[in-house]
Undergrad: 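First, the structure itself, so that you have it in front of you.
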Amino acid sequence: MANDAPTFRSLVTHFTDFLTVAIHTILYERNIYPRTSFLSARKYNFAVRQSRHPKVCEWINDAMAAVETEILKGTVERVAVVVYNQALKPTERYLFDLSRFPIVGAADADVPLERKAADGTTVSVLPVVDIEEQFRATMSKLANCGTVLRPPPVDGTFTVAIELKSDGQAPVSHPQPWMPVEAATRQGATELQSRRTHPLRAVVAGDLMFESWIEETPAAD
Amino acid sequence: MGSRLEQKSNLVRKRIEGHTFEDEGGDEYEGSKFGGFTDYFRRKKIKLQNLDAQVRAQSSDKPQIFKGVVCHINGYTQPSLNDLHTLIVQHGGGFLQYLDGKTMCTHIIASNLTPKKREEFKRYRMVKPAWIVDSVNGGKLLPWDAYRVIDEGVGQKVLGFDNGQVVTQASRKTQGYREQTSTSWYTSQLKGREADTPATVKKLPSFTQPLTPEEEIDDDEYPVPEITSSIERALDQDDYGSQYLSPELPHQPCGVLDAATSLETPPKTSPPPVPSEDEAAAKGRATSPVEAAMPAVESAAAFRPREGSQEPDYSMAIVRNSEKLRDISPSKLADMTAEEHNALLLSDPRIRKSTVVHPDFLEQYYRESRLHHLSTWKADLKSQLQALAAEKSSSQKTKLKKLPGQRRYIMHVDFDSFFAAVSLKKYPQYVEKPAVVAHGGGSGSEIASANYPARDKGISNGMWMKRAQDLCPELKILPYDFPAYEEASRKFYDAIMAAGGIVQSVSIDEALVDISAICFAESGTDGVKRYEGAVHREQRKADMLAQAVRDEVLEKTGCAVSVGIGGNILLAKIALRRAKPAGQYQIKPEEVFDFIGQLEVEKLPGVAWSIGGKLEEIGVKLVKDIREMSKERLINTLGPKTGEKLWDYARGIDRVEVGEQVIRKSVSAEVNWGVRFENQEQVDEFMHGLCGELHKRLLKERVKGKQLTMKVMRRAANAPRDPPKHLGHGKCDTYNKSLQLGVATNDPAVITKEVIAVMKGFNISPGELRGIGVQMQKLEPLKAGGEGAELGSQKRLQFKRPTTPPVRNDTATVGRATEDSIQDDVTPEKQRIADINKPSVAIRPINVTTPTKRPLNMLGTQFVLPTQVDTSVLAELPADIRAKLAKHIKPNVGLPPVPAFKTSEQRHKLAPKDFPAIALPNQSQLDPSILEALPEDVRAEILGFYKSPGNRKRGEQALLPQSPRKVRTLPATKHPVKRKRGGGLFAGRARSNLHSVDNSTLTQSNFVARPLAPKHLQEDGGANTTDTEDAEIEELDPDFLAALPEDLRKEVLDQQRQARLQRTGGIDVSLHQRAKARKKKGTDEEGPLDRLLQLPPRPLKPSFTMRKLTELPDLRTAVKAWYQEFSDEGPYEEDIEALGKYLRDVVVEERDVAKAVVVVKWLVWVAEEGQEVEALGEHARATWDQGVAFVVEAVQSAVAKRGLGRVDLG
């Protein structure tokens, strides 16, 4: 796909691929599943971990498929991987802000993209090498998140969430892969202040641009 | 089972399980003493258990499925007691030969019980032997429940729950003896042998049960023909036919064989051609043996005559020949879901044709259904008559005010065997022979009418063909000939109407006529006073009238009618009996009593065998016997209404008046044949049609209704997928639901909407549907007068419908939209038009979507799905259609903006194909009134655009360079102003305003075209700018400008200025402007598939210092250099602020928190490092600390602004 002219779909696929790897890494780093259940693998020329539990993999793949569908609609502002503690209170959120993705209509997902620089020369939309480097950098940040975060919750769990743009149509249809939730992110200033942000990286590779950071809620105690 | 019962049987069970047998040394093997019977018996039981224990020990390889079960066997069973005993014991169960108490065992096995025992064992587990056998075969203990001997009785309905809905389940019947025989050893042996013989033998159950006299079997218990579906049966018949038909036919003479085929081949639904003379003779010879033979073959094939089906033979033939069904094994058929099954069924085009899925189904259904034909015909006739009678007798009625004691003369005119008589006109050779009219020669067809020779043989109307053919083998079967019937009926009524009097139609071939007035006119009396002569004259006149009617009808139709005359309807009807055939009879008042008295009660109208039977019980046989009865006795026996009526009838009293019409209470449309759906869309589609049909009928009856009742038939849970009657509804659960509509209506759209909603509420899977009916009740007459039918009870506001000018206007606007969108990616104009043209009322005639196609928000969330056409619908158009539309637009754009249009066209040599597609507004935004005003073909074409699947309007829009952060720069902000001018509701008027504005000045279109100018120049090097455009640009209407809000005006003016500058000086446009001008550029030569999507240039990254630093290493260097430069004197405030602003921009605009954080951390580190290395002055240190704190705070606030928590800045 990368050899052909890049399309919005291939761009999104790059991202979801990365997100899949990121989720596996998060699951490993934050001890959501036993570490022994992970295989060592190489992605973006970087040592990553991959869960080998078929159900976990299936869930992640399904979730990524759903995320991809929504991104292709162009309505997603952020994708979040949320880690909950035992009491199902979110403790960490791994956010991927996609608001800088190119805006392409759903019908044109497969239309090749092209970018012209100011001087008229064609600029690569998806420079594969850049992407790999950027992803590698992000992965390494992510893999070391344990150094800045509090110890992972015991018996925690996780989920994937998307935040829509203000004009985005909520994906309510049958079957309904997404559960609508009230927007509870903009709370009081104190709550906001007590949250801590750990920036990961802003990926800029051609037109694949997104920012990622970790949000940590204040300690429960 | 209560615990008390369990206790005992548990004890027994444990005892049996614990029972072991070593050798015959136990005390039970001692000899018994004299008188020691109890001892003996006890020992016997122990010895029996010893036996069992041994059996159990020997068969340890068998699964111990009956562990915990203690059985006792009662009475005769199949398999025998001995076999059952071994089976139970071998599989780990306990067995009791002697039942000391009912609670000793867990299950009692019996195949049948005496009534006494039935009562006695009612509360125990009485199980059929099949339970044991089936459990052993199945290898596990089956629930005993399914094998009850005693159930709650036939009358007890069993409720089943399926998907939240209660469905009926047939309560199982005690099957008794038959069941035993079917599981008996003999049967199994026989079956075993059958397996070797050809399969067809198995299909004849009477072979397998030779010992069972069929008479003894309860009809309902005979499962074979009922279980097999029509399809299976059809297939069976085919098998049978191929094997058995051939050996049987040779018994017939050879010539007959040919005749038989020629007779049987034409489809029975179509009338056979009128036979020529010798053919008819041949047929006459041929029919008798063949037709006699056919039923014989048929009855043998189908085990028992099919009943109640009209067209099974024909349709079965279809099924039989259907390749697709043949390929599927029956077991596979059973596994499919209802929808799959239907889909399979429908995959055969011939079957599909006769089901609801076929688009013409409703029409066809109502055309071909005989019942429907007759009933609608009658309804038609009735309403015609009513209208006619109302006209005619309005004058007479006043005169005819009924006086008490007035004599009456009622004629009852009736055709003699109407269908037969009319049909026989085409087959005169059969007139003297017994002939009947029926649907076909099959045993299942019903006789509609029999002629008098046939009636003499005992054949009557409504008899099944098989019976009739038994009675009269040489019976002729005539086809229906509806046109002829209709014609005859019409002539018949013409004649009756001509006779005068008040006419009431009873059916198509009989009518009641009140001729009193005519008779009184003859006698010159008022009908009350009795003059001998007058009465005579009246009676003679009545007879004359009757004769005249008979003659006339005979002359006109060639068929005989009979007339009965009497003083009321009852007497007229009775008189008619006497008159038939082809005669007339008048019951004179003086002979009424005797005449009626001699009749058998069942001859009275409205009295048949049911009432007759009841009357016979109280000793009434003849009508005169009724007179002996007291009224009370009759009422006690027959109920108040019938009792009183009969009491009156017996005295020749009938109070019903001729011409009293029953008012219609409901109008309905229902289909329950051929209802097979594959999916919900088909259901909706069909309901749409059905509601249309109902609407038609309501219109015909000139009524509208307030209450809508929906009836849905759903396949009963235990009914086969294919009912015995091909495509019939079979056994069904029927659901009814009524809803009040509030306002009486006959609008099909309203009805459809309601009905579909109700249907959704039923939640029935489409495949399970077998019948749907819609009924309208609480009828109200439509207001008279012209097209009153169309008027609802609620008035609709009529908006002035623009006639011709708007058409041009609209196309002009469309045209303008075209140019705009071509020239300006943002196309605010288009939006504006859309708003103006937003339909104020739903488009009815042109609306292509059915109500259900609109998404129904059933999920109950706050999100409402868009009703607009979605992007997938709107896609690209084929080139030829586009070209066509362009043609339409061009001549209509006869307005001044043509130059701009031209330039756009020139430019569009680059992308000519995209041009018309861009011009299309959303379908929902088309003005319906304008569409209506357009010529038919143009409208069709325009609508065609929306239908074409490739159309994608929204997608086009979506790829406009609308960076979310740049919205404010888009000229689209202009349209709010304009939107105000084109309101929704008063679209028509607003538009005409707009029109005049357009004509007076050109500013509007120029405005919108405005943003294109720069880009235009930029791309084409300004070569294309023409003088006209120039002029336009200058022509900004000052009034209009003044009306604009401040900022907009500024923007507009700016643009104008820029354009002017460019034209004169060719100054390069700012990047900002370019961003706006960007547009998708298709590589058009390669077609739409190879398009390239030109991405908008990225907004510039915020940069630091004059050198426009953006990258981290540079920033680091810069920061470090800066610190080193000012380490000893402290930073300047501007620099600190510049850095703070830059970092804020990085966070908020560039969205790279990480970078900002890194820079801040770097600054902090650099500052700390510096402080460690060299001792700084107090002032410098403080300012640096302040500066760092400021930058940190700037970043933190920026981060907070984005809604994120604080970052750790070291």
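To find a chain, count down the sequence lines: A is the first, B the second, and so on, and within it residues start at 1.
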Undergrad: In terms of ring plane angle, is the pair A:F8 and A:F101 parallel, tilted or perpendicular, where the classes change at 30° and 60°?
TA: perpendicular
Undergrad: Please look at B:V1157 and chain A and tell me whether the side chain, the backbone, both or neither of the residue comes under 4.5 angstrom of a heavy atom of that chain.
TA: side chain
Undergrad: Quick check for you: to the nearest 0.5 Å, what is the distance between A:T25 atom OG1 and A:F46 atom CZ?
TA: 8.0 Å
Undergrad: Counting heavy-atom pairs under 4.5 Å to chain A, which of B:V1158, B:D1152, B:V1199 comes out on top?
TA: B:D1152
Undergrad: Please tell me if the side chains of A:D97 and B:R1202 come closer than 4.5 Å, counting only heavy atoms from C-beta onward.
TA: yes
Undergrad: Between A:F15 and A:F96, how do the two ring planes meet: parallel, tilted or perpendicular, split at 30° and 60°?
TA: perpendicular
Undergrad: Is chain B contacted by the side chain of A:L200, its backbone, both, or neither, given a heavy-atom distance below 4.5 Å?
TA: backbone
